[in-house]
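Whatever order the structure lists ligands and atoms in, that order sets their numbers, starting from 1.
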Amino acid sequence: MQLYSTKNRSKFISLKEAVFKGLPEDNGLYMPMSFPKLPNDFIQNLKNHSFQEIAFEVSKALIQGYIPDNDLKKIIKNSITFPAPVVKLDIESYILELFHGPSLAFKDFGARFMSQLMSYFNQGNEEELVILVATSGDTGGAVASGFYKTEGIKVVILYPSGKVSDLQEKQLTTLGHNITALEVNGTFDDCQKLVKKAFLDPELSHNIRLSSANSINIARLIPQSFYYFESYKQVQTGNDKIVFSIPSGNFGNLTAGLFAKKMGLPIHHFIAATNVNDIVPEYLRTRTYTPRPSIQTLSNAMDVGNPSNFSRILDLDCSTGNIFDKNMSGYSFTDSETKEGMKEVYSKYSYELDPHGAVGYLALKSYQSKNTNTKGVILETAHPSKFIKDVENILQKNINIPERLAVLKAKKKKSIPIETEFNPFKQWLLSNY
Ligand SMILES: *Cc1c(COP(=O)(O)O)cnc(C)c1O
C-alpha cells in the first residue's frame, strides 16, 4: 500500500512510514494511492461473512499484500473484538451502534487497529515511540485504552480542561502506566494546534520518535471503513438505496465511508450531520470553506472549527469528481433541536440516543423528507451514558452505565495542567521523553 500527501500527489510513501509519521511535512494528509474494488461477488454476499472476515477482506484489499495474510488476520483478531450491531427504528431508519468497545465510542475501532498496526510495524525497534494525541473527548479514551501497556509505545493525551465530561476525563486520566494526560487550559483547537506544531518542530522530531493518533492518522481511518460494510450487510435487502447519516466533527468517519464507497460498497448518499459548528454543511451549500473557532455544544465531540479531514474529502472529490454535487448533503442543528431529537426518538421508539447520534437522526429526517424510498443508517457514535448528566436531564429518566465505564467513577484522576503556549509544552516533552 502506497500513500501520497494531499499537497503532493507525485511522491509516494509506504503504509509503515505513513502510520508512524501521521502527518506529512508539507502539512497535507496521507491518502491511499488507490482503492482496489472488492469483487462484486463479495459485496453481494456480505451476509455470508463475519465482521472479522469482512474486516480482513477490506483491509487486505486496501493494504495490497503489504502485510502477510496471517499477520493481518492477527491484527484484525486483536482489534475487531466487539460487534457493530444495527438496530431498526422503523422501515427507513436504522441505528448503527458503534459503542460496544471499551471506551463506548466508535473511536475504539480506530484506536485498537492503530495500536495493533503500530506495534506490528514497531517490532525490533529499540527506540521508544511517543504518540501525541489531541482530544475533544472521545479520542483520548479510545487511544488510552487501545495503547494501554503496549510495549515500546508511550502516549501523551492533550485535552481541553473543563470541556470533556467527567467520565470521559476519567478514561484519559486514570490508566497511568504508559499513558499521560495533559490538561490544557484552552479549547480543543488549542490542543490540536499544539500537537500539529510539535510534529513540525525539527528539534522535537530530532530528539523524540513522535507519532500521532488523531483521526489524521491513516491507521485510524482504515478500520472505520469496515463497519460501513458490516452495517450494509445487516440492513440491505434487494435493491435498497442505502444512505448513511454521520454525526461529524473532524470528518474521519465520513471520510472512511467514502473509502468504503470507493472500494465498491454501493452507498447511495452521505449525510454530513453537524451541530452549530457547521463549516462543512456551509461549504456544501456555498462552496466556500470558512474555518472558525469552535463553539461549545451538547455534542462536544463534534465541536470542531476546522475539520482536519476536510482536505481528504476535497481530495477524493477531485479524484472521483462530483461527490459534493451528487453524493453528499449537509445539515446542522442547534442544541435545542438536538434535545428535541433525543426526546422524539425516545418517545417514538423507546431508544436512548446520545446527543451526537441525535444530530445524525435529525439530519437523516431532513434528508428523507425530500428523498423518500431510502434506507438510512445513523452512526450512533457513542453510548448515551458517556454524556449521562445531559441525557438523563433531557430524557427525564435513568440511564444505565455499562460496567466497563462504571468502574472508572471510583478511580482517581491524574493529569498535568499546561497552558496553550507551545514552548513550555515542547520543553516538557524534551525533558520527559
Ligand atoms: C469523535 C466523535 C465524533 C466525530 O467523529 P469524526 O470522525 O471526527 O467526524 C462524533 N461523535 C462522537 C461521540 C465522537 O466521539
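Sparse packing is recorded around NZ of Lys60, with 12 or fewer heavy atoms of other residues, nucleotides or ligands lying under 6.0 Å away.
If you number the atoms of ligand 1 from 1 as listed, the ones under 4.0 Å from a heavy atom of Asn253 come out as 7 (O). Within ligand 1, counting atoms from 1 as listed, the ones closer than 4.0 Å to a heavy atom of Ser248 are 9 (O).
Residues passing the salt bridge (charged side-chain N to carboxylate O under 4.0 Å, His left out) test with Glu421, sequence neighbours excluded: none. Take Glu169 and apply the side-chain hydrogen bond (donor to acceptor under 3.5 Å, both in side chains) test, not counting sequence neighbours, and it matches Tyr159, Lys413.
Checked against the 6.0 Å centroid criterion, the rings of Phe82 and His100 do not qualify as a close aromatic pair.
For a threshold of 3.5 Å applied to N or O pairs, the pair formed by Gly252 and ligand 1 contains at least one separation below that value. Considering both main-chain and side-chain atoms, Gly249 comes within under 3.5 Å of ligand 1 through a nitrogen or oxygen pair. Geometrically, ligand 1 and Met302 share no nitrogen or oxygen pair separated by less than 3.5 Å. Among the atoms of Asn250, some N or O lies under 3.5 angstrom from an N or O of ligand 1. When only interatomic distances are considered, the shortest N/O to N/O separation between Thr381 and ligand 1 falls below 3.5 Å.
With a 4.5 Å cut-off on side-chain heavy atoms, Tyr361 and Ser245 do not count as touching.
Of the candidates Phe251, Phe99, Phe387, Phe106, Phe106 brings a heavy atom nearest to atom 5 (O) of ligand 1. Considering only non-hydrogen atoms, atom 1 (C) of ligand 1 lies nearest to Lys107 out of Glu380, Gln168, Gln224, Lys107.
Between the side chains of Gln171 and Ser103, no donor N or O sits under 3.5 Å from an acceptor N or O.
Each of Asp26, Ile13, Leu23 was evaluated against Ser5; a single residue qualifies, Asp26, per the side chain to side chain contact (heavy atoms under 4.5 Å, CB included) test.
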